[in-house]
Number of protein chains: 2
Amino acid sequence: MQPNRTKYALLGFLSRGESSAYRLQETIAGSVANFWRENDGRVYPILAKMEAEGLVTAREEATGGRKAKIHTITDAGLAALDEWLAEDPVPRPPRNELLLKMFFGYRRDPATLDGWLKDKITESDADLARFAKVRSRLEGMLSDVPDAAYWLMTLDYGERRAAFEKDWASACRERLKDPSRGEEA
Amino acid sequence: MQPNRTKYALLGFLSRGESSAYRLQETIAGSVANFWRENDGRVYPILAKMEAEGLVTAREEATGGRKAKIHTITDAGLAALDEWLAEDPVPRPPRNELLLKMFFGYRRDPATLDGWLKDKITESDADLARFAKVRSRLEGMLSDVPDAAYWLMTLDYGERRAAFEKDWASACRERLKDPSRGEEA
DNA sequence: GGACTCATGTAAATGGTTACATGATTCA
DNA sequence: TGAATCATGTAACCATTTACATGAGTCC
């Protein structure tokens, strides 16, 4: 019924190199957190399932004194990944709790909404600052890792999104200041 | 643990007037689908649960020969809605399957990605055309329904989002044409 | 009569979050 | 020794989707 996208995300990262579940999560959180997250309670069981399906193999290894279960993608795993990548992505309009609350905003005082919007702006600024660092890192590795060109495209998305959300929140704050005013160009 | 946001979305719409489950869904699909969706399998059971909790009352009514279960929000329901609206919205970074596939885009030929991006542009254009109609409708009712000012803010978000996604997709397509080229300002 | 819309629901499966449990190693 | 990090996992719970079942009224 529902496609297990977590599986494919994990396969994608494992296609770049073997990893423990713990490191996988760290990698995901450190690279695609902008548009994709996974959590503890799912990565471990799904990796186990993938092992049963023959998409990955696992071995225990002591790296630096610590034991970790290293997962390696198999040919079947690579095939499954590429099969998934061949399919058109299905757009799923996400739920946005801030917008839902704004939609019913007339039930609250404008100061409350202004607070939400200020938070949004702060969040966007933090994202933009973070993305700027990532951008210079990625641009620096472009000659060594051509794949980074694709990562830059997803980063570009994040930067544009943060910028537009900031602009939108600022525009809303302006409009809230003067509720009598309608829309303008 | 997880807050039941469906409940509050339903309360929000019921606060504007009584409705059957079927109409509620139609209303939601026709107004906030841009950032919030509900589906069959949830609206009915949750409304039943809300009735048991005393947040809504229900009565059978035959409108135009057809029977429908009309739900009316109670004072307790209004209180629950306003309590929820008083809380800061918690940002949940959504999963974006297109971006995940773009991230691993080097595993596919650029033509595949170009197809996804073209679809994205088509989708954005369709959204923008739809939003333009909604905008004129909402602006026309502003004087009668001041609440529409808030609805326009969420529409504004949708318009800006569609525009930025279209721009981003176009920029990606350009970059895909010449893979040797790096990033530019 | 047949297709379509209105209308209410159930069932099954999966997705996803949060909290908790456990234990080893590293570092101050 | 105590806190932080590395590391793996389970349990409980709720969210979400999809498919299915059912039946009445409307329109052609």
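Note that these values count all heavy atoms, side chains included, but never hydrogens, waters or copies made by symmetry.
Not one N or O on the side chain of Ser20(B) forms a donor-acceptor pair closer than 3.5 Å with the backbone of Ala68(B). Between the Arg173(B) side chain and the Ala169(B) main chain, no donor and acceptor come within less than 3.5 Å of each other.
Atom CZ of Arg42(B) and atom P of dA11(C) are 17 Å apart (whole Å). Look at CD on Glu97(B): it is 12 Å from P on dG15(C), rounded to the nearest Å. Rounding to whole angstrom units, CD of residue Gln25(A) and P of dT5(D) are separated by 16 Å. The distance between atom OH of Tyr8(B) and atom C1' of dC14(D), rounded to the nearest whole Å, is 14 Å. Distance, Lys49(A) NZ to dG15(C) P: 6 Å, rounded to whole Å. Residue Arg59(A) contributes atom CZ, which lies 16 Å from atom C1' of dA7(D) at whole-angstrom precision. Rounded to an integer number of Å, the gap from CD1 of Ile46(A) to P of dG15(C) is 6 Å. As a whole-Å value, the separation of Leu24(B) CG from dC6(C) P is 15 Å.
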Notebook entry, point to check: Step by step, would you call Glu165(B) with Ser124(B) a side chain to side chain donor-acceptor pair (under 3.5 Å)?
Noted result: CA-CA 7 Å; Glu165(B) 287 195 323; Ser124(B) 301; 4.6 Å; no
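The phosphate of dG16(C) has OP1 or OP2 within less than 4.0 Å of a side-chain N or O from Thr6(A). Close to dG15(C), at under 4.0 Å from its OP1 or OP2, lies no side-chain N or O of Arg5(A). The shortest distance between the side-chain N/O atoms of Ser20(A) and the OP1/OP2 oxygens of dT8(D) is below 4.0 Å. At dT18(D), none of the side-chain N or O atoms of Asn39(B) fall inside 4.0 Å of OP1 or OP2 (strictly under the cut-off). Side-chain N/O atoms of Arg23(A) include one lying less than 4.0 angstrom from OP1 or OP2 on dA7(D). OP1 or OP2 of dG9(C) lies within a sub-4.0 Å distance of a side-chain N or O belonging to Lys69(B). Applying the 4.0 Å criterion to OP1 and OP2 of dT8(C), one finds that Tyr22(B) has every side-chain N and O outside that range.
Comparing atom distances between the Pro45(B) side chain and each of dA15(D), dT10(C), dA7(C) picks out dT10(C) as nearest. Checked against dA7(C), dG9(D), dT17(C), the side chain of Tyr44(A) finds its nearest nucleotide in dG9(D). Candidate nucleotides dT8(D), dG16(C), dT16(D) were compared by shortest atom distance to the side chain of Arg95(B), and dG16(C) ranks first.
Between Phe103(B) and Phe13(A), the two ring planes are tilted [angle within 30° to 60°].
Evaluated for a side chain to side chain donor-acceptor pair (under 3.5 Å) with Asp125(A), the options Lys166(A), Arg130(A), Lys120(A) yield exactly one hit, Lys166(A).
Residue Glu26(A) is classed as a sugar-phosphate contact, given heavy-atom separations below 4.0 Å to backbone atoms only. Heavy atoms of Asp40(A) sit under 4.0 angstrom from at least one base atom. Nucleic acid contact for Arg37(A): none, since no nucleic acid atom lies under 4.0 Å from a heavy atom of the residue.
In summary, the side chains of Arg161(B) and Asn34(B) do present a donor paired with an acceptor at a separation below 3.5 Å, with no hydrogens or angles considered.
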